[in-house]
Amino acid sequence: MRRLPTGGVLFVVCAAPLAWLAWGVIANSLGPDPVQVVMQGTGAWALRFLLLTLCITPLRRWSGRPAIIRHRRQLGLWMFSYATLHLALFAQAYVGWSAPLLWEELAERPYITVGFVAWALLLSLALTSSRGAQRKLRRRWLQLHRFIYPALVFACLHLWWQVRSDAGEALFYSAVALLLLGLRLYWRINERKRGRAA
Amino acid sequence: MARRLRYPAIPSSEITPESVYLRRRSLLKAGIVGASAAAASGPAWGDPDTGGEPLDYQPAKPGNPLAYTEEALTPYGDITRYCNFYEFGTGKEDPARYAHEMTVDPWSIEVGGAVARPGKLHLEDLLSRVDLEERIYRLRCVEAWSMVIPWVGFPLHALLDRFEPLGSARFVAFRTLYRREEMRGTRSFSSIIDWPYREGLRLDEARHPLTLLAVGLYGKTLPNQNGAPLRLVVPWKYGFKSIKSIVRIDLLEEQPATSWQSLAPDEYGFYANVNPEVDHPRWSQKFERRLPSSFLRPNRIPTQLFNGYAEQVASLYRDMDLTRYY
């Protein structure tokens, strides 16, 4: 039996939210403020892909299918694409590509500052995501790619800082984030214990 | 009950609804790509299922700065589908989806506090004794979007005078209906608003001729999601001051606590006058997106002091530091 092209299937699945939003824009079905809807949508999907990317390692450990690590790069790059679209829209619709206005927003609004820092961290990961970069950086590649953890924390802060009267959504994503981060901490402590025992 | 002129004389069944007219291109497009797309986009093309009864009123006349603006009106479908009415959820489309669960008939308003004749007034009694007029106002939301809305209503002072405020009264407090079983947003475990929703004005603001009690929109009674059957409209203040579905009004000697101000006093003031120079701590108030906005035409326009009503209302705040009393 021929192997299913899982990478291709994953590509289609990851592109679907983007296609859905694009369709909404074309069909004019996003209501009177489509920019806001797409801003919110791309931001939410960036965070969802960030969390999904971090699910790969636990899944790999528990499922006994180490091969799924192959898909982590694609998930990570989708996350970065959604985050970049989110930022580009902000620049276009909210500050009109005006550098002084952008600077003012970055300097004065902490939620925008942390959002931008999260994106900058993700940028460094996206730029070093190729196999070539991985080979060249060796051990440092692993260290660099731990930036995904602070990026996740900043992304959650970005969400919390925008809560106005209902914290449900921020609570949900933060709970998942805490779970995924806590798991890493737990593994780390366990490994140390095992190291000491040996 | 014949009241001044009525227009238009065309039977309402022959008039293309505003929402349909303004969306004719997208309707065509939706028709071409198939009915499934229209179905998938949910209630986007439907009219609201509440309100919409024709009203008898005096239309706004061009040139009257208290009632008219040349700016393009925001389409009916956008005004009724893009709402902040957290009693029904925090999503912009939640009120359009769930506000029909609210019972608005019968409705009464209780007026109390520092008044000579406190009491309860049934909505029909109130409406039979006021002259309705159209007011085309800009509405600027604190979230930096805005609309132009043709309201139908009557000045708030017409109601206040009926209850004879005492000389000691300096403030007016308003309260929205709070009925948990009909308002799913108030049942949300993660909401931190202390229901019912409360708002307030200084008495001179409440008595200003611009301050309106609205019962209609586009010549028809308000859909529930827009604050049926009776709501406040204060066009020079951020939208959250324009409290919806009012059930209680109190005249007070002291400034009342209001919902958003109690929740985050550093972000939302009691006055909440539209002011491009005083930013919300989390976002700039210098610009607004005039809706409908789109990708090709974001409609980003500069925000005006007092939402463009400075000539009418600036004197109310003559000796006040607007940065301090935001």
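Predicted, not measured: the structure shown is a model, and the values here were computed from it. A note on names: the letters A, B, ... follow the listed sequences, proteins ahead of strands, and every chain is numbered from 1.
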May I ask you to test the [X]-[Y] pair for a side-chain heavy-atom distance under 4.5 Å?
X	Y	value
A:P32	B:R81	no
B:R282	A:P110	no
A:L171	B:F189	yes
B:P298	A:Q92	yes
B:D279	A:E108	yes

Per-residue contact mode, A:V35 against chain B (heavy atom under 4.5 angstrom): both

Heavy-atom contact with chain B under 4.5 Å, split by part of A:E169: neither

Side chain, backbone, both or neither: which part of [X] has a non-hydrogen atom closer than 4.5 Å to chain A?
X	result
B:K286	side chain
B:W260	side chain
B:I192	both
B:E288	neither
B:R289	side chain
B:S293	both
B:T90	side chain

Leading residue by heavy atom contact count with chain B [cutoff under 4.5 Å; candidates A:A170, A:G24, A:G96, A:A167]: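 Option with the greatest count: A:A167.
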
Nearest 0.5 angstrom please: [X] [atom1] to [Y] [atom2], how far?
X	Y	atom1	atom2	result
A:L30	B:Y82	CG	OH	11.5 Å
A:S98	B:F287	OG	CZ	8.0 Å
B:N84	A:S165	CG	OG	9.0 Å

Does CH2 in A:W187 sit with more than 12 non-hydrogen atoms of other residues, nucleotides or ligands closer than 6.0 Å?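 Count over threshold, so yes.
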
B:R138, CZ atom: more than 12 neighbouring heavy atoms under 6.0 Å: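 For B:R138, atom CZ is crowded (more than 12 foreign heavy atoms under 6.0 Å).
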
Looking at every non-hydrogen atom in both residues, tell me the closest pair between A:P34 and B:S294 and how far apart they are.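 The pair with the smallest heavy-atom distance is CG-CA, 3.9 Å.
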
Heavy atoms only: give me the nearest B:P281-A:R109 pair and the separation to one decimal. O-NH1, 3.6 Å

salt_bridge(B:E267, A:R164) N-O dist < 4.0 Å: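 A:R164 and B:E267: not salt-bridged.
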
State plainly whether the residues A:D33 and B:K92 are in salt-bridge range, i.e. N to O under 4.0 Å. no

Side-chain donor-acceptor contacts of residues 37-46 of chain A below 3.5 Å, not counting sequence neighbours, with atom names and distances?
| unit_1 | atom_1 | unit_2 | atom_2 | d |
| --- | --- | --- | --- | --- |
| A:T42 | OG1 | A:V38 | O | 2.8 |
| A:T42 | OG1 | A:M39 | O | 3.1 |
| A:T42 | OG1 | A:H86 | ND1 | 3.4 |

Name all pairs fulfilling the salt bridge (Lys or Arg N to Asp or Glu O under 4.0 Å) condition that reach into residues 45-69 of chain A, sequence neighbours left out, sorted by first residue then second. A:R61-A:E191

Decide whether A:D166 and B:S190 meet the rule of one side-chain donor and one side-chain acceptor closer than 3.5 Å. yes

Test side-chain contact (heavy atoms from CB on, under 4.5 Å) on B:F295 and A:L89; report intermediate values, then the result. CA-CA 9 Å; B:F295 276 83; A:L89 258 179; 3.4 Å; yes

